Amino acid sequence: MSLQRKMTIQCPKCQETIEVSMWQSLNAHLDPEAAKRLMKGEFFMVKCPKCEFAGAFEYPLLYNDMEHHMMIQLAAGRTEDEVKEQVQAYRDGFKETMAKVEQMAGVNFKSDFRIVTSGADLQEKALIVHAGFDDRAMEVMKFLLLAQVSEQNKEGNFAFVRYYEEADGKRLFLFFDDQYQVSATVPFDQSLYDMLKKDFDFSDVKEDTIDMNWAVQFVQKAIEAEAAKGQ
């Protein structure tokens with residue numbers, strides 16, 4: 001189920017009191033409209049009724065896509081240390097909770113778990129899962145495309161890349177510079193995705209943080225494993 005509560009915050013510009021809805025959890029099946037707003041990047045947006053200042057108000061949120069058996073926890077804190085503490089707490093808490101639920105129900109619930117640390121990461125992960133893609137293959141795909149685009153455009157500024165879906169359903173990758181501005185776009189290539197799913201074995205992946213750093217390490221290990229076979 002989805003859980004939410006009302007609270008008030010102050011506008012950072014004019015200090016006006018703003019009432020917002022804070023969701024402890026969001027079930028995409030039970031609240032599809034809220035899930036759509038999240039995947040459009042609108043879920044955490046807040047607008048001041050007095051000065052019309054608009055900005056993102058992010059907070060910890062558990063997103064549950066029951067159809068695709070994926071739960072995604074957003075850890076959002078004021079400091080890096082606070083976020084790290086949340087990540088570890090969510091990691092331990094999920095394992096403990098699932099173990100108790102499975103023991104009580106007498107069945108093994110198939111649900112993957114991911115942890116992200118920004119609303120943009122949660123939006124992207126929700127889009128990937130909703131489209132039926134494997135986020136592990138997608139992160140590897142993003143890493144390889146970033147290396148390729150950077151090699152082809154040596155003077156370009158490419159800091160990171162995100163999967164995105166336009167209003168007409170077009171799938172693509174957005175390349176951002178270090179100022180968070182889009183510096184290039186690449187259409188989603190289904191054949192490349194299928195090849196990665198075929199060539200890489202993700203069955204042993206146990207991590208709950210699947211991002212670019214994870215993809216770099218995963219590819220490096222895969223290359224080392226292939227090299228070892230040839231010796």
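If you read the sequence from its start, that first residue is 1, and numbering goes on from there. For clarity, every value in this text was computed on a predicted model and none was experimentally measured.
- The heavy-atom pair separating K13 from C51 by the smallest distance is CD-SG, 3.9 Å.
- Between atom CG of residue L61 and atom CD of residue Q4 there is a gap of 10.5 Å, rounded to the nearest 0.5 Å.
- Between F200 and V140, the shortest heavy-atom distance links the atoms CE1-CG1, 4.2 Å.
- F158 and F176 have their aromatic ring centers separated by at least 6.0 angstrom.
- Annotation for Q24: atom CD does not count as buried by contact number, only 12 or fewer foreign heavy atoms lying within 6.0 Å.
- The CD1 atom of I210 sits 6.0 Å away from atom CG of D135, with the distance rounded to the nearest 0.5 Å.
- Hydrophobic cluster membership is shared by L145 and V216, with clusters built from Ile, Leu, Val, Met, Phe, Trp and Tyr side chains linked at under 4.5 angstrom.
- Side-chain contact between M66 and N27: present, with at least one pair of heavy atoms (C-beta onward) separated by less than 4.5 Å.
- Between V83 and A76 the shortest heavy-atom distance is CG2-C, 4.4 Å.
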Pair T117, V87 - check side chain to side chain contact (heavy atoms under 4.5 Å, CB included), show working. CA-CA 8 Å; T117 56; V87 167; 4.3 Å; yes
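- For the residue pair D201 and S203, a side-chain donor N or O sits within less than 3.5 Å of a side-chain acceptor on the partner.
- Residues F133 and F188 bring their aromatic ring centres within 6.0 Å.
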Could you go through R114 and T209, starting from their C-alpha distance and side-chain angles, then the distance that decides it, and tell me whether this counts as side chain to side chain contact (heavy atoms under 4.5 Å, CB included)? CA-CA 6 Å; R114 300 287 187 264; T209 301; over 6 Å; no
Go through it in stages, so that I can follow the logic: the residues are Q217 and E207, the test is side chain to side chain contact (heavy atoms under 4.5 Å, CB included), and I'd like the CA-CA distance, side-chain angles, deciding distance and then a yes or no. CA-CA 12 Å; Q217 297 176 19; E207 294 90 342; over 6 Å; no
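- The closest donor-acceptor contact from the side chain of K142 to the backbone of V161 lies under 3.5 Å.
- Side-chain contact between L146 and F173 is absent, with no heavy atoms from C-beta onward closer than 4.5 Å.
- D178 is listed as a side-chain neighbour of N157, based on a closest heavy-atom distance under 4.5 Å.
- The side-chain heavy atoms of E166 and L172, taken from C-beta on, include a pair separated by under 4.5 Å.
- Side-chain atoms of R136 come within 3.5 Å of backbone N or O of F202 as a donor-acceptor pair.
- In this structure, the side chains of D121 and D211 stay at 4.5 Å or more apart for every pair of heavy atoms.
- Interatomic distance, NZ of K84 versus CD of Q86, reported as 13.5 Å (0.5 Å rounding).
- Closest approach of M141 and D189 over heavy atoms only: CE-O, 3.2 Å.
- In the hydrophobic clustering of this structure, L174 does not group with L144; members are Ile, Leu, Val, Met, Phe, Trp, Tyr whose side-chain heavy atoms approach within less than 4.5 Å, directly or through other members.
- Expressed to the nearest 0.5 Å, how far CD1 of I72 lies from CD of Q123 amounts to 11.5 Å.
- Here CZ of F218 is found 11.0 Å from CD1 of I223. Values are rounded to the nearest 0.5 Å.
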I'd like to know whether T79 forms a side chain to side chain donor-acceptor pair (under 3.5 Å) with D81, so could you lay out the CA-CA distance, the side-chain angles of the two residues, the decisive distance to 0.1 Å, and finally the verdict. CA-CA 5 Å; T79 66; D81 288 340; 5.5 Å; no
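- Between L62 and M71, the shortest heavy-atom contact is CD2-CE, 3.5 Å.
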May I have the step-by-step check of ring-ring contact (aromatic ring centres under 6.0 Å, His included) for Y59 and F44, ending in yes or no? CA-CA 8 Å; Y59 52 86; F44 293 107; 5.3 Å; yes
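- Cluster membership for M212 and V149, using ILVMFWY side-chain heavy atoms within less than 4.5 angstrom, is shared.
- Remark: side-chain polar atoms of N153 are not paired, donor with acceptor, to backbone N or O of G156 under 3.5 angstrom.
- In summary, the side chains of Q190 and D194 do present a donor paired with an acceptor at a separation below 3.5 Å, with no hydrogens or angles considered.
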Quick one, E224 with K221, criterion salt bridge (Lys or Arg N to Asp or Glu O under 4.0 Å). Give me CA distance, side-chain angles, the key distance, then yes/no. CA-CA 5 Å; E224 291 170 0; K221 290 179 181 178; over 6 Å; no
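- Residues V20 and T8 form no side-chain contact, since every pair of their non-hydrogen atoms from C-beta on lies 4.5 Å or further apart.
- Taking CE from M22 and CZ from R5, the interatomic distance works out to 5.0 Å, rounded to the nearest 0.5 Å.
- Aromatic rings from Y90 and F113 are positioned such that their centres are separated by 6.0 Å or more.
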Assess whether ring-ring contact (aromatic ring centres under 6.0 Å, His included) is satisfied between F160 and F175, documenting all intermediate values. CA-CA 6 Å; F160 62 97; F175 292 75; 9.7 Å; no
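- I9 places a side-chain heavy atom less than 4.5 Å from the side chain of F57.
- Cluster annotation: L127 is not connected to M45 through the hydrophobic network of ILVMFWY side chains, with a link wherever side-chain heavy atoms come within less than 4.5 Å.
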If you apply the rule side chain to side chain contact (heavy atoms under 4.5 Å, CB included), what do you find for K229 with E226, and how did you get there? CA-CA 5 Å; K229 289 180 181 180; E226 284 299 313; 3.5 Å; yes
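- In this structure, the side chain of D65 engages the main chain of H68 through a donor-acceptor pair within 3.5 Å.
- Counting heavy atoms from C-beta outward, V116 and Q73 have side chains that stay 4.5 Å or more apart.
- Taking both residues in full, the closest heavy atoms of I18 and K47 are given as CG2-O, 4.2 Å, listed atom of the first, atom of the second, then distance.
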